[in-house]
Visitor: 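Here you go, one structure.
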Amino acid sequence: MSFSTFVRMHWAAFRALLVLTVITGIAYPLSIWLIAQLPGLHDKAEGSILTANGKPVGSRLIGQLFTDSAGNPLPQYFQSRPSAAGNGYDPLSTSASNLGPESIVDTPADPAQLAAGKSATDAGFKPSLLTQVCTRSVAVGKLEGVDGSRPFCTGGGVGAVLSVIGPRDARGNVVHPTRVVSVNEPCRATPAPFLPLYEGVRVECAKDGEDYAIGQMVPIRGAAPANPAVPADAVTASGSGLDPDISPAYADLQVARVAKARHVSPDQIRADVAQYTNGRTLGFFGEPCVNVLQLNLQLDHKYPVSS
């Protein structure tokens, strides 16, 4: 390659770089910024920030927790759905739990670390998705004064799962159980398993340090109603962990508690819930939802609670 050809090629590349820099690095961002200043778009471009007494308190697009310093729900506020983003609704750690429907067996804590005085979480205990759902359902039921039971959950709020051990058929199903263990109920945490017998075999509670993976994991539906009183979004996190909305069903479940805490009638609270209930996008995308932060700000304005 001659020197003149080399110069021409690099000069052409340099000109292309300059043109693309002007278009994509200056003109395009500037045009988007100018469009964002148009009436009706400016608020969204600035993050849909909501204020109270002139101070920003959050975004209409990002959920947040309404709990005290110990993590307990504040009774005067509608509660958001669970969040797997950091310690809950952390915009810098947006994420899902990455647990799916097959996550039904808890990871037990290390007995040695428990004996050393560590908490179950610090000792390595990791609840399955099923146990998380069960635990949350019991907690929400207690908070709202309703039945928190749901299928495949024990009364204590863990996944109702048995490890059924015994000879198997060609499909891998145990045909004659010889031993049955409630894998999510450790002996140190419960006096007796949620189920006394399974196909005539006495059910044991799990013992620390033992591995029951050899058995067939069998979820037990139990006697809970098919349609639990606690809605699904009250016990499951969103994919982003930042969902600002809850379902109308979950909002309705919280009306009585919020009304009592604010010393107003449930009908007054329901009227505000209806005001901040959004229908399906374009009439057919998604489901109706209630924006929690907007609703709580409205309640603080109309029915303030003295501290």
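Small disclaimer: the values here were computed from a predicted structure and weren't measured.
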Visitor: Test D147 against S149 for side chain to side chain donor-acceptor pair (under 3.5 Å), laying out the working first.
Guide: CA-CA 6 Å; D147 180 11; S149 65; 2.9 Å; yes
Visitor: Is any side-chain heavy atom of F125 closer than 4.5 Å to one of T107?
Guide: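 T107 does not reach F125 side chain to side chain.
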Visitor: Report, as yes or no, whether the 6.0 Å neighbourhood of atom CG on N53 holds more than 12 heavy atoms from other residues, nucleotides or ligands.
Guide: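 12 or below, so no.
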Visitor: Any donor and acceptor pair, going by atom type alone, linking the side chain of R270 with main-chain N or O of V255 inside 3.5 Å?
Guide: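 Checked: no pair found.
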Visitor: Looking at V161, V158, I104, V105, which hits side-chain contact (heavy atoms from CB on, under 4.5 Å) with T131?
Guide: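 It is V158; the other options fail the test.
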Visitor: Would you sort out whether D245 and R60 count as a salt bridge (Lys or Arg N to Asp or Glu O under 4.0 Å), showing the intermediate values?
Guide: CA-CA 9 Å; D245 305 314; R60 188 166 56 246; over 6 Å; no
Visitor: In the structure I gave you, are the side-chain heavy atoms of P82 and R136 within less than 4.5 Å of one another anywhere?
Guide: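 Yes, side chains in contact.
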Visitor: I'd like to check L197 versus V203 (side-chain heavy atoms, cut-off strictly below 4.5 Å). Are they in contact?
Guide: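 Counting from C-beta outward, L197 and V203 never come under 4.5 Å.
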Visitor: Provide the closest heavy-atom pair for A109 versus L114 in the form atom of the first, atom of the second, distance.
Guide: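 Heavy-atom minimum between the residues: CB-CD1, 3.7 Å.
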Visitor: So F194 and E185, do their side chains get closer than 4.5 Å, heavy atoms only?
Guide: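 In contact.
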Visitor: Look at K118 together with D110 and state whether they make a salt bridge at an N to O cut-off of under 4.0 Å.
Guide: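 No, K118 and D110 are not salt-bridged.
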Visitor: Is it the case that the side chain of T51 and the backbone of P56 share a donor-acceptor pair, with hydrogens and angles ignored and the cut-off at 3.5 Å?
Guide: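 It does not hold such a pair.
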Visitor: What are the two closest non-hydrogen atoms of L129 and S103, and how far apart are they?
Guide: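 In terms of heavy atoms, the two residues are closest at N-OG, 3.0 Å.
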Visitor: Quick check on I214: does its CD1 atom have over 12 non-hydrogen neighbours (other residues, nucleotides or ligands) under 6.0 Å away?
Guide: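 Open: at most 12 neighbouring heavy atoms sit under 6.0 Å from CD1 of I214.
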Visitor: Looking only at atom types and distance, does a side-chain atom of Q64 sit under 3.5 Å from a main-chain N or O of V57, one as donor and one as acceptor?
Guide: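 Present.
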Visitor: Show, in sequence, the C-alpha distance, side-chain angles and deciding distance for V230 and Y250, and conclude whether the side chain to side chain contact (heavy atoms under 4.5 Å, CB included) test is met.
Guide: CA-CA 7 Å; V230 178; Y250 188 25; 5.7 Å; no
Visitor: Kindly say whether Y212 contributes a backbone atom to a donor-acceptor pair with the side chain of S163 at under 3.5 angstrom?
Guide: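 Yes: the side chain of S163 pairs with the backbone of Y212.
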Visitor: Of the non-hydrogen atoms in T190 and C205, which two are nearest, and what is the gap between them?
Guide: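 So the minimum-distance heavy-atom pair works out to CG2-CB, 4.3 Å.
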Visitor: Does the pair Q254 and Y77 meet the rule for a side chain to side chain contact (heavy atoms under 4.5 Å, CB included), with working shown?
Guide: CA-CA 9 Å; Q254 304 183 62; Y77 289 117; over 6 Å; no
Visitor: Nearest 0.5 Å please: distance from the SG atom of C187 over to the NZ atom of K207.
Guide: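 Rounded to the nearest 0.5 Å, the SG-NZ separation comes to 6.0 Å.
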Visitor: Please check if the number of heavy atoms outside N87 that lie under 6.0 Å from its CG is greater than 12.
Guide: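 Incorrect, the count does not exceed 12.
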Visitor: Given the rule that I, L, V, M, F, W and Y join up when any side-chain heavy atoms are under 4.5 Å apart, are F66 and V258 in one cluster?
Guide: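 Yes, same cluster.
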Visitor: Is the number of heavy atoms from other residues, nucleotides or ligands within 6.0 Å of NZ (K126) greater than 12?
Guide: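 At most 12 heavy atoms, drawn from other residues, nucleotides or ligands, come within 6.0 Å of this atom.
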Visitor: Indicate if I23 and L17 have the same hydrophobic cluster label, given that clusters are the connected sets of ILVMFWY residues with side-chain heavy-atom separations under 4.5 angstrom.
Guide: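 Looking at the clustering, L17 is in a separate group from I23.
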Visitor: Is the shortest distance from a Lys or Arg side-chain nitrogen in D208 or R188 to a carboxylate oxygen in the other one below 4.0 Å?
Guide: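 Yes, D208 and R188 are salt-bridged.
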Visitor: Using the rule that two of Ile, Leu, Val, Met, Phe, Trp, Tyr join whenever any of their side-chain heavy atoms come within less than 4.5 Å, decide whether I220 and V180 are in one cluster.
Guide: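 They do share one cluster, since a chain of ILVMFWY contacts under 4.5 Å joins I220 to V180.
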Visitor: How far does NZ of K260 sit from OG of S265, to the nearest 0.5 angstrom?
Guide: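 Between K260 NZ and S265 OG, I get 15.0 Å after rounding to 0.5 Å.
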Visitor: So, for Y89 and S80, which heavy atoms are closest and what is the spacing to 0.1 Å?
Guide: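 Between these two residues, the closest heavy atoms are OH-CB, 3.5 Å.
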Visitor: Nearest 0.5 angstrom please: R257 CZ to I269 CD1, how far?
Guide: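 Separation between the atoms: 10.5 Å.
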Visitor: Has S95 got a side-chain atom pairing as donor or acceptor with A84's backbone, closer than 3.5 angstrom?
Guide: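 Yes: the side chain of S95 pairs with the backbone of A84.
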Visitor: Which is it for D122 and Q113 under the side chain to side chain donor-acceptor pair (under 3.5 Å) test, yes or no, and what are the steps along the way?
Guide: CA-CA 8 Å; D122 291 338; Q113 295 189 42; over 6 Å; no
Visitor: Is there a side-chain contact between P244 and I62 in this structure, where contact means two heavy atoms from C-beta onward sitting under 4.5 Å apart?
Guide: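 No, their side chains stay 4.5 Å or more apart.
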Visitor: Determine whether E210 and R179 satisfy the following criterion, salt bridge (Lys or Arg N to Asp or Glu O under 4.0 Å), listing intermediate values before the conclusion.
Guide: CA-CA 14 Å; E210 290 197 18; R179 189 184 181 196; 3.4 Å; yes
Visitor: Quick check on the hydrophobic clustering: are V146 and V273 connected, directly or via other members, by side-chain heavy-atom contacts under 4.5 Å?
Guide: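 Yes; V273 is reachable from V146 via cluster members.
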Visitor: Same cluster for L299 and V290 if Ile/Leu/Val/Met/Phe/Trp/Tyr side chains link at under 4.5 Å?
Guide: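 Per the 4.5 Å side-chain linkage, L299 and V290 are co-clustered.
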Visitor: Taking S83 for the side chain and L242 for the main chain, is one N or O donor matched with an acceptor at less than 3.5 Å?
Guide: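 Checking the backbone N and O of L242 against the side chain of S83, no donor-acceptor pair under 3.5 Å is found.
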Visitor: Kindly indicate, with the supporting measurements, whether the criterion side chain to side chain contact (heavy atoms under 4.5 Å, CB included) is fulfilled by V133 and F152.
Guide: CA-CA 10 Å; V133 166; F152 304 105; over 6 Å; no
Visitor: Checking R168 side chain against V174 main chain: does a donor-acceptor pair fall under 3.5 Å?
Guide: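 Side chain of R168 to backbone of V174: no pair is present.
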Visitor: Do Q132 and T135 have a side chain donor and acceptor closer than 3.5 Å?
Guide: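 Result is no, nothing qualifies.
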Visitor: Determine whether a donor-acceptor pair (N or O, by modelled atom type, separation under 3.5 Å) exists between the side chain of Q79 and the backbone of L74.
Guide: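 Side chain of Q79 to backbone of L74: a pair is present.
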Visitor: Please check this pair: side chain of N278 against backbone of P288, looking for a donor-acceptor N/O pair closer than 3.5 Å.
Guide: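 Not a single qualifying donor-acceptor pair exists.
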Visitor: Going from NZ on K302 to CD on Q275, what distance comes out if it is rounded to the nearest 0.5 angstrom?
Guide: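 That separation rounds to 6.5 Å.
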Visitor: Please determine if R262 and D300 form a salt bridge, counting it only when a charged side-chain N lies under 4.0 Å from a carboxylate O.
Guide: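 So R262 pairs with D300 through a salt bridge.
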Visitor: Pairs in or reaching into residues 227-241: which pass side chain to side chain donor-acceptor pair (under 3.5 Å), with residues at least two apart or in two chains?
Guide: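 Every side chain to side chain donor-acceptor pair (under 3.5 Å) pair that includes a residue of residues 227-241, provided the two are not neighbours, is R81-T236, D233-S247.
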Visitor: Roughly how far, to the nearest 0.5 Å, is CG of N296 from CG of D272?
Guide: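 Nearest 0.5 Å value for the CG-CG distance: 10.5 Å.
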Visitor: Given the rule in the side chain to side chain contact (heavy atoms under 4.5 Å, CB included) test, do Q216 and N173 qualify, once you have shown the distances and angles that lead to the verdict?
Guide: CA-CA 7 Å; Q216 179 182 356; N173 297 317; 3.1 Å; yes
Visitor: Counting C-beta onward and ignoring hydrogens, is there a side-chain heavy-atom pair between L162 and V181 closer than 4.5 Å?
Guide: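 Sidechains of V181 and L162: no contact.
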Visitor: First locate atom CG of N291, then atom OG1 of T277, and finally report the distance between them rounded to the nearest 0.5 Å.
Guide: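 Spacing of CG (N291) from OG1 (T277) equals 10.0 Å.
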Visitor: Looking only at heavy atoms, what is the nearest atom pair of P177 and V201, with distance?
Guide: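 Taking P177 first and V201 second, the nearest heavy atoms are O-CG2, 3.5 Å.
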Visitor: Would a 4.5 Å heavy-atom cut-off, applied to side chains only, mark P231 and L253 as touching?
Guide: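 Yes - at least one pair of side-chain heavy atoms lies under 4.5 Å apart.
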Visitor: Short question: side chain of D106, backbone of S128 - any donor-acceptor pair under 3.5 Å?
Guide: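 Side chain of D106 to backbone of S128: a pair is present.
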